J.: 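One structure follows; several queries about it will come next.
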Amino acid sequence: MQLKAIEGGAGRIEQDDKALVTINEYMREYENGSLDALYDLGVAFSTGSHGCCADMIEAHKWFNIAASKGHEEAAWCRADVSDEMTAREIAEAQRRAREWLADGSRKVA
């Protein structure tokens with residue numbers, strides 16, 4: 001897995017093509033009613049699995065979104081990844097989650 005780029009202060013990691021396929025697959029599952037798909041995105045980003053590069057900000061974001069929709073395990077995982085993050089990183093993850101929830105087109109990463 002090759003890291004392509006990191007954007008400035010926000011620390012956004014650009015995912016490779018395999019990760020984008022995984023992300024799109026999970027988003028289709030979510031659009032078909034699977035709340036677990038949002039949780040699974042958090043897992044993929046927190047563990048660097050399924051073709052995704054590890055990115056705690058994105059992991060927190062997806063766990064936060066899933067937890068806000070009632071996924072109990074996502075709330076626990078969000079707390080776990082928070083332990084490995086700075087206050088600034090958590091604030092960025094929360095900003096991204098709010099932005100995603102407010103965006104009707106549900107753009108990913």
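Note that the coordinates shown come from a computational prediction; the quantities given were computed from them, not determined experimentally.
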J.: What are the two closest non-hydrogen atoms of A74 and A67, and how far apart are they?
T.: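 So the two residues come closest at CB-N, 3.8 Å.
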J.: State the CD-CD distance between Q94 and E89, to the nearest 0.5 angstrom.
T.: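 The CD atom of E89 is 12.0 Å from CD of Q94, to the nearest 0.5 Å.
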J.: Could you check whether any side-chain N or O of D103 sits under 3.5 Å from a backbone N or O of E99, counting only pairs where one atom can act as donor and the other as acceptor?
T.: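 Looks like no, no N/O pair under 3.5 Å.
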J.: Show me the pairs that pass ring-ring contact (aromatic ring centres under 6.0 Å, His included) and involve residues 67-98, at least two apart or across chains.
T.: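 Sorted result for residues 67-98: Y39-H71.
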J.: Within a strict 4.5 Å, meaning less than it, do heavy atoms of the V43 and F63 side chains meet?
T.: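 Side-chain contact under 4.5 Å: yes.
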J.: So, using ring-ring contact (aromatic ring centres under 6.0 Å, His included) as the criterion, who are the partners of H50 when residues are at least two apart?
T.: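 Expected list: none.
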J.: Using ring-ring contact (aromatic ring centres under 6.0 Å, His included) as the criterion, list what pairs up with Y26, not counting sequence neighbours.
T.: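 Expected list: none.
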J.: Can you tell me how far apart CG (D36) and CD (E29) are? Round to the nearest 0.5 Å.
T.: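 Separation between the atoms: 9.0 Å.
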J.: Which heavy atom of M85 sits nearest a heavy atom of I57, and at what distance?
T.: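 Looking at all heavy atoms of both residues, the closest pair is CE-CA, 3.9 Å.
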J.: Got a salt bridge between K61 and E58, using NZ or NE/NH1/NH2 to carboxylate O under 4.0 Å?
T.: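 So K61 pairs with E58 through a salt bridge.
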J.: Under a 3.5 Å distance rule, please check whether S49 uses its side chain to pair with a backbone N or O of F45 as donor and acceptor.
T.: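 Checked: no pair found.
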J.: For the CG atom of D40 and the OG atom of S34, what is their distance to the nearest 0.5 Å?
T.: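 Nearest 0.5 Å value for the CG-OG distance: 6.5 Å.
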J.: To check you understand the geometry: which heavy-atom pair defines the closest contact between A19 and G51, and what is its length?
T.: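 Scanning both residues, the minimum pair turns out to be CB-O, 3.1 Å.
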J.: As a quick check of understanding, evaluate side chain to side chain contact (heavy atoms under 4.5 Å, CB included) for N64 and W100, giving each step before the final call.
T.: CA-CA 11 Å; N64 197 20; W100 188 88; over 6 Å; no
J.: One thing to verify: whether R28 and E31 come together as a salt bridge, which I'm taking to mean a side-chain N less than 4.0 angstrom from a carboxylate O.
T.: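 Here E31 does not pair with R28 in a salt bridge, since their nearest N and O are not under 4.0 Å apart.
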J.: Any carboxylate oxygen within less than 4.0 angstrom of a Lys/Arg side-chain nitrogen, looking at R88 and E92?
T.: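 Here R88 does not pair with E92 in a salt bridge, since their nearest N and O are not under 4.0 Å apart.
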J.: Among all residues two or more places apart in sequence or in another chain, which pass the side-chain contact (heavy atoms from CB on, under 4.5 Å) test with S68?
T.: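 Expected list: L101.
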J.: Which pair of non-hydrogen atoms, one from I23 and one from C52, has the smallest distance, and what is that distance?
T.: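 Heavy atoms only, the tightest pair is CG1-SG, 4.4 Å.
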J.: Residues in side-chain contact (heavy atoms from CB on, under 4.5 Å) with A79, at least two apart?
T.: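 Here no residue qualifies.
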J.: Can you tell me how far apart CE (M27) and CG (N24) are? Round to the nearest 0.5 Å.
T.: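 Going from the CE atom of M27 to the CG atom of N24 covers 8.5 Å.
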J.: Could you tell me which residues satisfy side chain to side chain donor-acceptor pair (under 3.5 Å) with S82, sequence neighbours excluded, listed by chain and number?
T.: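 S82 satisfies side chain to side chain donor-acceptor pair (under 3.5 Å) with H60 once adjacent residues are dropped.
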J.: Determine whether V81 and W62 make a side-chain contact, defined as any pair of heavy atoms from C-beta on separated by less than 4.5 Å.
T.: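 No, too far: nothing below the 4.5 Å cut-off.
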J.: What are the two closest non-hydrogen atoms of S46 and M56, and how far apart are they?
T.: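 Of all heavy-atom pairs spanning S46 and M56, the closest is O-CE, 3.2 Å.
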